[in-house]
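Working notes, beginning with the structure itself.
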Amino acid sequence: MRAFGYDIDELVIAHVLLAVVPVILGLVIALPLGWWAHRSAGARRVLVPLSGALYTVPSLALIVFIPVLLGTPILSPVNVGLTLTIYTVALLVRSVAEALDAVPATVTTAATAVGYRPAGLLFGVQLPLAVPVLTAGIRVASVSAFSLVTVGALVGIQSLGTLMTDGFQQDYTAMVATGIVGSVLLAFLFDALWLALGRTLSPWARAGAGV
Amino acid sequence: MIEFRDVGKRFADGTVGLESLSLTAREGEITVLVGPSGCGKTTSLRTVNRMVEPTSGAVLLAGRDVAQGDPAELRRGIGYVIQQAGLFPHRRVIDNVATVPVLQGLSRREARARAAEVLERVGLDDALAQRWPAQLSGGQQQRVGVARALAGDAPVLLMDEPFSAVDPVVRVELQDELLRLQADLGKTILFVTHDIDEAIRLGDRVAVLRVGGRLAQFAPPDELLAQPVDDFVSGFVGRDRGYRRLGFLPATALRLVDLPTRADANGDTAGPAVPGEWTVLLDGSERPAAWLGPDGARHDLGSVYVTDGDDAAADAAGTLRGALDAALSSPAGRGVAVDGAGRYRGGVDTDDVLALLDRSAPR
């Protein structure tokens with residue numbers, strides 16, 4: 001589909017990749033860090049405030065600063081991807097730690113008592129039980145990533161944000177509106193997907209109490 | 001057999017959990033650790049499966065020091081039941097129970113078959129197997145907890161206040177169930193509770209612990225009730241220990257008296273058999289159904305004295321407690337005795353029970 005002189009499909013695909021890949025990557029990085037913060041009070045005292053502080057760095061500053069730091073081309077999507085990965089890690093470290101904290105002590109005690117080793121306990125019991133809290137964190141990270149991708153358009157990285165920046169320059173309201181509506185719709189769509197995935201992975205969470 | 005040899009536990013912050021505990025839980029028996037909170041009963045229990053590592057002394061399981069070898073392996077060979085069951089909320093009932101067999105290396109299919117067997121054994125309906133733990137009542141969850149501990153076929157069970165979170169009626173049901181299972185399985189059970197009644201009801205031997213894990217007395221329950229060694233123990237076992245001890249005294253020497261009876265196969269309740277006397281009304285299969293008063297009116301039977309119940313549930317069977325209770329609760333002043341099948345055997349006279357009691361009183 002073409003409109004306003006752009007291949008919209010291409011913009012949508014670029015937008016989705018730039019938003020989704022960093023969320024998944026950020027989750028993979030945040031899991032061990034969050035686990036560490038859950039296990040060690042010392043690690044938590046450093047990791048949680050640090051990740052909170054990371055989130056306060058302006059996105060545009062990061063996107064511009066990363067090429068200076070890593071030597072990537074200024075127009076590379078990697079700059080946006082890395083920025084969003086950092087934000088996701090910043091959001092999820094605390095989420096992961098809190099999701100693991102929320103697993104009832106009776107359950108972890110029972111798991112240890114029946115003979116789980118630490119790795120089995122983490123992957124067989126703690127992480128599955130952390131899914132509902134973790135899903136909530138991922139959804140926040142995902143929505144935030146979908147909106148932040150558009151900032152990349154300011155430095156020329158293609159996404160639906162490009163429709164906004166270019167439309168603004170051309171004083172073309174329909175183009176700006178298409179960019180905004182499109183990116184909001186994508187954010188909603190992926191939010192629903194994360195929610196559905198979380199629910200599929202935790203069917204027990206909706207089993208009501210009582211008989 | 002579980003043997004504690006001078007087991008001590010000093011925590012990192014300097015508090016003493018256990019000073020130096022020595023006791024032996026015999027093979028095939030229920031040994032209860034009871035005491036006020038802070039007496040180290042849970043700590044002692046957890047030294048057996050190394051969830052707490054003692055700072056001195058050793059715990060021997062079937063003669064072997066548990067400190068040797070891999071703790072996870074050790075735990076897979078010991079059943080563990082925790083307060084509030086500690087079921088895995090994300091696994092269906094059947095998979096909760098199958099956890100240990102799976103950890104022991106069985107295929108999921110074999111483990112589920114084993115789990116289904118054990119669920120049946122603890123009296124849980126097949127229909128519950130596919131439920132999530134959150135969909136069960138507290139009592140059902142606790143049964144699943146027991147089933148999970150049994151599924152690994154371990155000869156040793158550790159039970160940490162397993163029934164304290166359920167209401168009293170369900171608690172008694174679960175206790176009966178445990179006694180029934182134990183009669184079949186003959187596990188070596190170490191049971192922790194703060195409830196002295198539970199300790200006395202379940203324990204073959206009861207260890208009363210003071211704060212710091214110091215053993216105050218270790219004895220069979222009747223001895224504990226009859227001869228508490230000091231004020232701490234007698235205070236802990238409670239005021240009505242004399243009455244409760246009756247539950248451990250056999251009433252085999254009790255002479256049953258003859259009572260006037262009347263068969264009532266047809267539900268015919270006209271007039272007492274013996275004018276002016278209380279008469280036991282029997283149904284078609286010789287089971288007492290009611291009292292007939294001297295005026296011919298029907299009265300409740302009261303509790304009956306079961307002379308030789310083989311059902312563990314009737315824990316007062318054949319004891320002075322059962323006999324006295326029957327006599328005291330009867331409207332006729334004399335209790336009705338039945339055999340294990342509920343058939344009429346005779347009457348219980350309060351004076352006879354008290355005379356027996358007098359003779360068995362500890363000197």
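Throughout, protein chains are lettered first and strands after them, A, B, ... in sequence-line order, and every chain is numbered starting at 1.
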Check: B/Thr193/B/Asp195 side-chain N/O donor and acceptor closer than 3.5 Å: no

Under 3.5 Å, is there a donor on one side chain and an acceptor on the other for B/Thr24 and B/Glu3? no

Which portion of A/Ala105 sits near chain B, non-hydrogen atoms under 4.5 angstrom: neither

Between A/Phe146 and A/His15, how do the two ring planes meet: parallel, tilted or perpendicular, split at 30° and 60°? parallel

Please flag which part of B/Gln83 lies under 4.5 Å from any non-hydrogen atom of chain A: side chain, backbone, both or neither. backbone

Looking at B/Leu74, B/Asp70, B/Asp160, which has the largest count of heavy-atom pairs under 4.5 Å with chain A? B/Asp70

Given that the side chain runs from C-beta out, which part of A/Ser202 has a heavy atom under 4.5 Å from chain B: side chain, backbone, both or neither? neither

Note: A/Asp101-A/Arg44 ion pair, threshold 4.0 Å (strictly below): yes

Under 4.5 Å from any heavy atom of chain A - which part of B/Arg46: side chain

I need the residue from B/Arg91, B/His90, B/Arg50, B/Arg75 with the largest number of non-hydrogen atom pairs under 4.5 Å to chain A. B/His90

Determine, for B/Glu117 against B/Arg121, whether the closest basic-nitrogen to carboxylate-oxygen distance falls under 4.0 angstrom. no

